[in-house]
**Q** 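This is the structure I have questions about; it appears just below.
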Amino acid sequence: MDFAPYQSSPPEASRQSLNIARPYSPQITTPPYLPPKPTLGPSSTSTPPLHNSNTPQYDPWGGSPNGGGGGGSGGFSGGLGGFGAARETVDQFETSLPIRLDYEAMLAYILLPPAGGVLLLILEHKSDYVRFHAWQSSLLFTALAILHFILSFSSFLSYTLLLCDLGLIGWLTVRAYRDADTLDRCEVPWFGPLASSILDDE
């Protein structure tokens, strides 16, 4: 005997009715998360390099900014216009001696004047610039040598005149070196114009 409670319809029919009554909902799938790609363009910022190889570097010894130049002697460039460095303008001038024009003009004053000036007058025949400084050195320091002989009785006056001699030698040497680019003549009073007139008459 079946003691189950009374059922008006079988269980399979109730399950089928529930499935029909449930509304259909489509399944929505979410795409996986992808990080945004970095954009490279004018708006993107980047850290500037710490060092640019094209930037000229400062050289405390003078010469070219990247360390070239006068081989370590360019430190005098501020005072003597690049002493020891290559000077293309000066290299174009021809001299009788195998010495650069600016160096040869300096010898007229630093090579025991007036002996250096007289020696250059004998050896140098091509450069009027060097011959001018040789004439000026010979005339000026010959007159100073005579003045030294006259003032030899006073040691104070002799030493004072010696300081003037050294100052003139240094100043004229620097001017002879710096003016070699333009061939300007640095004339001292009386003796400079006399040297120029003698040179023009040669």
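Predicted model only: the values in this text are computed from it and were never measured.
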**Q** Applying the 4.5 Å side-chain criterion to the ILVMFWY set and letting contacts propagate, would F141 and Y159 be lumped into a single cluster?
**A**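 No: no chain of side-chain contacts under 4.5 Å links F141 to Y159.
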**Q** Only one of H125, K126, E124 passes side-chain hydrogen bond (donor to acceptor under 3.5 Å, both in side chains) with S96; say which it is.
**A** E124
**Q** Side-chain heavy atoms nearer than 4.5 Å, only ILVMFWY residues, links allowed to pass through others: does that put F156 and L144 together?
**A** yes
**Q** Would you say W135 and E202 make side-chain contact, with heavy atoms under 4.5 Å?
**A**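 In contact.
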**Q** Over all heavy atoms of both residues, which pair between F93 and A180 is shortest? Give the atoms and the distance, please.
**A**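 Here F93 and A180 meet closest at CE1-O, 3.6 Å.
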**Q** Within a strict 4.5 Å, meaning less than it, do heavy atoms of the H148 and L162 side chains meet?
**A**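 Sidechains of L162 and H148: in contact.
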**Q** What is the distance from atom CZ of R175 to atom NE2 of H133, rounded to the nearest 0.5 Å?
**A** 8.5 Å
**Q** With a 4.5 Å cut-off on side-chain heavy atoms, are L101 and S127 touching?
**A**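 Side chain of S127 against side chain of L101, heavy atoms only: contact under 4.5 Å found.
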**Q** Taking only residues two or more places apart in sequence, or in another chain, which ones meet L151 in a side-chain contact (heavy atoms from CB on, under 4.5 Å)?
**A** L147, F153, L157, L161
**Q** Taking only residues two or more places apart in sequence or in another chain, which ones pass side-chain contact (heavy atoms from CB on, under 4.5 Å) with S196?
**A**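 S196: side-chain contact (heavy atoms from CB on, under 4.5 Å) contacts with F132, R185, E187.
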**Q** Transitive ILVMFWY cluster of L163 at side-chain heavy atoms under 4.5 Å: who else is in it?
**A**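 So far as hydrophobic clustering goes, L163 is joined with none.
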**Q** Does some side-chain heavy atom of W190 sit less than 4.5 Å from a side-chain heavy atom of L140?
**A** no
**Q** So among L199, I198, L120, which one has a side-chain contact (heavy atoms from CB on, under 4.5 Å) with R131?
**A**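 Option passing the side-chain contact (heavy atoms from CB on, under 4.5 Å) with R131: L199.
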**Q** How long is the gap from SG on C186 to CZ on R178, to the nearest 0.5 Å?
**A** 10.5 Å
**Q** Only counting residues at least two apart or in another chain, list the ones meeting side-chain contact (heavy atoms from CB on, under 4.5 Å) with V118.
**A** I122, S138
**Q** With rounding to the nearest 0.5 Å, note down the distance linking OG in S137 to CD1 in I110.
**A** 10.5 Å
**Q** Please tell me if the side chains of Y129 and D184 come closer than 4.5 Å, counting only heavy atoms from C-beta onward.
**A** no
**Q** Under the side-chain hydrogen bond (donor to acceptor under 3.5 Å, both in side chains) rule, collect the residues that match up with D128, sequence neighbours excluded.
**A**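 Not a single residue meets the side-chain hydrogen bond (donor to acceptor under 3.5 Å, both in side chains) criterion with D128.
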**Q** Following the transitive rule for hydrophobic clusters with a side-chain heavy-atom cut-off under 4.5 Å over Ile, Leu, Val, Met, Phe, Trp and Tyr, establish whether I99 and L112 coincide in one cluster.
**A** no
**Q** Of all residues at least two apart in sequence or in a different chain, which pass the side-chain hydrogen bond (donor to acceptor under 3.5 Å, both in side chains) check with T142?
**A**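 Expected list: none.
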**Q** For Y177 and Y103, take the angle between the two ring planes, folded into 0 to 90°, and tell me which bin it lands in: parallel under 30, tilted 30 to 60, perpendicular over 60.
**A** parallel
**Q** Will you find, in the side chains of Q136 and Y109, an N or O donor that is under 3.5 Å from an N or O acceptor?
**A** yes
**Q** Hey, does L107 have a side-chain heavy atom less than 4.5 Å from the side chain of L119?
**A** no
